[in-house]
Structures are given as structure tokens and as C-alpha cells.
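Numbering of residues begins at 1 and proceeds along the displayed sequence. Computed from heavy atoms alone, side chains included, the values below leave out hydrogens, waters and symmetry copies. The structure displayed is predicted, hence computed values, not measured ones.
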Amino acid sequence: QVQLVESGGGLVQAGGSLRLSCAASGRTFSNYNMGWYRQAPGKEREFVAGISWSGGTPYYADSVKGRFTISRDNAKNTVYLQMNSLKPEDTAIYYCHASRDRGWGITEDYWGQGTQVTVSS
């Protein structure tokens with residue numbers, strides 16, 4: 001099992017910044033691809049950003065490209081999401097996600113409990 005605990009959410013004005021952190025425990029953090037997802041009220045959960053187990057080229061949703069940066073520190077078992085130039089439409093619960101391909105079509109994955117980000121206009 002992998003336990004994921006997010007922190008860093010809060011209330012910020014439009015144009016401001018926040019940095020989310022996700023601390024992992026339980027298994028070898030560096031074996032897992034890490035991602036951030038978000039879910040706004042009344043909407044489906046959507047992908048925000050992802051980074052591979054090796055810290056290679058990250059991936060971003062088009063809606064956050066150029067504003068958000070995902071990074072990881074394998075020594076600290078932590079993944080971060082730096083969010084700049086925040087917009088009211090970024091308001092959502094942000095979830096940390098860990099995944100690992102075990103082969104044969106099996107993916108092992110885990111979710112954090114989420115942290116609320118609210119951007120006021």
C-alpha cells in the first residue's frame with residue numbers, strides 16, 4: 001500500500017500562487033509515476049499534471065500549461081505542484097495520484113484524500 005497525504009491548499013486571489021505537496025509513504029516512492037488531478041463541483045475529476053518515476057519530461061493539461069509546474073523529490077518521497085497565475089476556474093479539490101504498471105494490463109494505483117484550492121476573483 002502507498003499512503004498519500006496532500007497539503008498546501010487554501011484560498012488565494014486570482015493571479016496568486018500556491019504550492020501543493022504530496023507526501024508518500026508505504027512503498028518505494030521512486031518506483032511510482034506521480035500525478036495531480038482535480039475535481040471541481042459538479043464536474044468529473046480531470047488530469048492536471050504528471051511526472052514519471054524517473055522525473056523525466058512532465059505532462060500537463062492544456063488548461064494549466066505555462067502556469068503549473070510538477071516536480072518530485074525522491075529523497076523526500078514528495079511530489080509538488082507549483083501553481084502560478086491562478087484563475088477562478090482552477091478552484092477544485094486537488095488529488096495526488098501514484099501509479100505503477102505491474103504488467104499484464106495491471107496498474108497499481110493510489111489516491112490521496114485531496115486538498116481544497118479556492119481562487120477568488
Side-chain angles (χ1 to χ4, degrees):
Q1 293 287 328
V2 174
Q3 291 77 44
L4 302 172
V5 179
E6 302 98 334
S7 61
L11 173 64
V12 64
Q13 288 189 332
S17 299
L18 283 174
R19 188 175 84 153
L20 305 183
S21 299
C22 173
S25 62
R27 289 194 177 172
T28 305
F29 177 73
S30 59
N31 287 342
Y32 290 83
N33 301 315
M34 300 299 298
W36 288 95
Y37 289 72
R38 67 186 182 187
Q39 188 167 18
K43 294 188 176 181
E44 298 283 323
R45 189 173 297 188
E46 64 176 2
F47 171 81
V48 175
I51 189 167
S52 70
W53 62 271
S54 63
T57 304
Y59 296 89
Y60 298 96
D62 288 343
S63 58
V64 306
K65 277 181 184 176
R67 300 188 299 121
F68 290 11
T69 302
I70 188 171
S71 61
R72 66 188 296 160
D73 185 338
N74 286 347
K76 295 183 178 180
N77 293 347
T78 301
V79 63
Y80 305 97
L81 185 67
Q82 178 66 45
M83 305 186 295
N84 299 329
S85 302
L86 283 161
K87 304 175 181 179
E89 51 264 43
D90 295 317
T91 295
I93 299 174
Y94 283 70
Y95 296 91
C96 182
H97 180 251
S99 66
R100 180 183 180 188
D101 184 1
R102 303 308 299 268
W104 300 284
I106 299 170
T107 299
E108 174 189 354
D109 70 326
Y110 303 93
W111 293 94
Q113 82 289 349
T115 185
Q116 176 71 47
V117 171
T118 303
V119 184
S120 63
S121 56

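- Here Gln39 pairs with nothing under the side chain to side chain donor-acceptor pair (under 3.5 Å) rule; sequence neighbours left out.
- Scanning for side chain to side chain contact (heavy atoms under 4.5 Å, CB included) contacts around Lys65 gives Tyr60, Asp62, with sequence neighbours left out.
- Checked against side chain to side chain donor-acceptor pair (under 3.5 Å), Ser54 has the following partners two or more places apart in sequence or in another chain: Ser52.
- Pairing each heavy atom of Thr78 with each of Ser21, the nearest pair is CG2-CB, 4.3 Å.
- Criterion: ILVMFWY side-chain heavy atoms under 4.5 Å apart, direct or through other members. Under it, Val64 and Val12 are part of a common hydrophobic cluster.
- Interatomic distance, Cys22 SG to Ile70 CD1, rounded to the nearest 0.5 Å: 9.5 Å.
- Annotation: cation-pi pair Arg38/Tyr95 absent, no NZ/CZ under 6.0 Å from the ring centroid and within 45° of its normal.
- Thr69 pairs by the side chain to side chain donor-acceptor pair (under 3.5 Å) definition with nothing, not counting sequence neighbours.
- Listed by chain and residue number, Thr28, Arg100 satisfy the side chain to side chain contact (heavy atoms under 4.5 Å, CB included) test with Asn31 (two or more places apart in sequence, or in another chain).
- Put simply, the side chain of Ser63 never gets that close to the backbone of Ala61: no donor and acceptor are under 3.5 Å apart.
- With sequence neighbours excluded, the residues satisfying side chain to side chain contact (heavy atoms under 4.5 Å, CB included) with Ser85 are Arg67.
- You'll find the side chain of Asp109 reaches within 4.5 Å of the side chain of His97, heavy atoms only.
- Both Leu81 and Ile51 sit in one connected hydrophobic cluster of ILVMFWY residues. Membership requires side-chain heavy atoms under 4.5 Å apart, directly or through other members.
- Listed by chain and number, the residues in a side chain to side chain contact (heavy atoms under 4.5 Å, CB included) with Thr115 are Glu6, Leu20, Tyr94 (sequence neighbours excluded).
- Among residues two or more places apart in sequence or in another chain, the salt bridge (charged side-chain N to carboxylate O under 4.0 Å, His left out) test is passed with Arg72 by none.
- The CH2 atom of Trp36 sits 5.0 Å away from atom SG of Cys96, with the distance rounded to the nearest 0.5 Å.
- Follow the hydrophobic side-chain contacts under 4.5 Å out from Tyr59 and you never reach Met34; the two are in separate clusters.
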Original post:
How far apart are the C-alpha atoms of Ser17 and Asn84, what are their side-chain angles, what is the distance that settles it, and do they pass the side chain to side chain donor-acceptor pair (under 3.5 Å) test?
Top reply: CA-CA 4 Å; Ser17 299; Asn84 299 329; 2.9 Å; yes

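- A donor atom on one side chain and an acceptor atom on the other are not found under 3.5 Å apart for Thr107 and Asp101.
- Distance check: Ile93 CD1 to Gln116 CD gives 5.0 Å after rounding to the nearest 0.5 Å.
- Tyr80 is not connected to Phe29 by any chain of hydrophobic side-chain contacts under 4.5 Å among Ile, Leu, Val, Met, Phe, Trp and Tyr, and they are in different clusters.
- Annotation: salt bridge (charged side-chain N to carboxylate O under 4.0 Å, His left out) contacts of Arg27 (sequence neighbours excluded): Glu108.
- Closest of all the heavy-atom pairs between Leu4 and Ala98 is CD1-N, 3.8 Å.
- The number of heavy-atom neighbours closer than 6.0 Å to CH2 of Trp111, taken from other residues, nucleotides and ligands shown, is above 12.
- Across Ala14 and Pro88, no two heavy atoms sit closer than the pair CB-CD, 4.1 Å.
- For Phe47, the ring-ring contact (aromatic ring centres under 6.0 Å, His included) criterion is met by Tyr37, not counting sequence neighbours.
- Taking each heavy atom of Leu86 and Leu18 in turn, the nearest pair found is CD1-N, 3.8 Å.
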Original post:
After noting the C-alpha distance and the side-chain angles of Phe68 and Gln82, does the key distance pass the side chain to side chain contact (heavy atoms under 4.5 Å, CB included) rule?
Top reply: CA-CA 5 Å; Phe68 290 11; Gln82 178 66 45; over 6 Å; no

**OP:** Go through Val117 and Met83 one step at a time and tell me if the side chain to side chain contact (heavy atoms under 4.5 Å, CB included) criterion holds.
**Re:** CA-CA 10 Å; Val117 171; Met83 305 186 295; 3.9 Å; yes

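- Residues meeting the salt bridge (charged side-chain N to carboxylate O under 4.0 Å, His left out) test with Glu89, sequence neighbours left out: none.
- With sequence neighbours left out, Ser7 forms a side chain to side chain donor-acceptor pair (under 3.5 Å) with no residue at all.
- Between the Asn33 side chain and the Trp53 main chain, a donor and an acceptor come within less than 3.5 Å of each other.
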